[in-house]
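This report refers to the structure that appears directly beneath it.
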Amino acid sequence: MSDIPPDLTWERAAPPDATGPGPWIEIAFGAGDDGEAPVYIRETSDPENVVTTNRRKWDAFVLGVQAGEFDHFVEGVEGVEGVEGTTPPETKGIGPDA
């Protein structure tokens, strides 16, 4: 992990009232604000394993999630709201509109 800046601020994607170690996904934005600025992604259960992409690709992914382009990956998964064949989660306040 030598090319990963040590001073990143990691943001955890977890429900606000979540307790325990997860596992959760964490994201950190590297220096720069253009489309090529680095974005780092890791899982709390394996923080040494970091995936790097750039801001342009990250923004495209987020827009795709918001547009429902990946909903088919969670069809039938209990606790996922807004996808046909799933059950709404017990925890409210998850997501960008929370």
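Side-chain atoms are counted along with the backbone in the values below, which use heavy atoms only and exclude waters and symmetry mates. If you're wondering where the values come from, they're calculated on a predicted model, not measured in any experiment. In this chain, numbering begins with 1 at the start of the sequence shown.
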Closest approach of W24 to P15 (non-hydrogen atoms, all atoms of both residues)
CZ3-CD, 3.5 Å
side-chain hydrogen bond (donor to acceptor under 3.5 Å, both in side chains) against E11, all qualifying residues, sequence neighbours excluded:
none
Is there a path of hydrophobic side-chain contacts, each under 4.5 Å between heavy atoms of I, L, V, M, F, W or Y residues, that connects V39 with V62?
yes
Is it the case that over 12 heavy atoms from other parts of the model lie below 6.0 angstrom from the CG atom of D33?
no
Establish whether V74 and F70 are linked, either directly or via other cluster members, by ILVMFWY side-chain heavy-atom contacts under 4.5 Å.
no
For P47 and S45, work out which heavy atoms get closest and say how close.
CD-C, 3.7 Å
Indicate yes or no: at least one non-hydrogen side-chain atom of D71 is less than 4.5 angstrom from one of E75.
no
Here the gap from F29 atom CZ to R55 atom CZ, rounded to the nearest 0.5 Å, amounts to 4.5 Å
Taken to the nearest 0.5 Å, the spacing of T53 OG1 from I41 CD1 works out to 6.5 Å
Closest approach of A28 and L8, non-hydrogen atoms and distance?
CB-CB, 3.9 Å
Taking atom OH of Y40 and atom OG1 of T9, what is their separation to the nearest 0.5 Å?
12.5 Å
Heavy atoms of P38 and A31 approach each other most closely as CD-O, 3.4 Å
Considering only heavy atoms from C-beta outward, does the side chain of T52 approach that of I4 to under 4.5 Å?
yes
Check whether any side-chain heavy atom of T44 lies under 4.5 Å from a side-chain heavy atom of R12, and answer yes or no.
yes
Below 4.0 angstrom, N of the basic side chain to O of the carboxylate: do R42 and D46 qualify?
no
So does E36 pair up with R56, basic N to acidic O under 4.0 Å?
yes
Hey, what's the ring geometry for F61 with W58, parallel, tilted or perpendicular (30° and 60° as the breaks)?
tilted
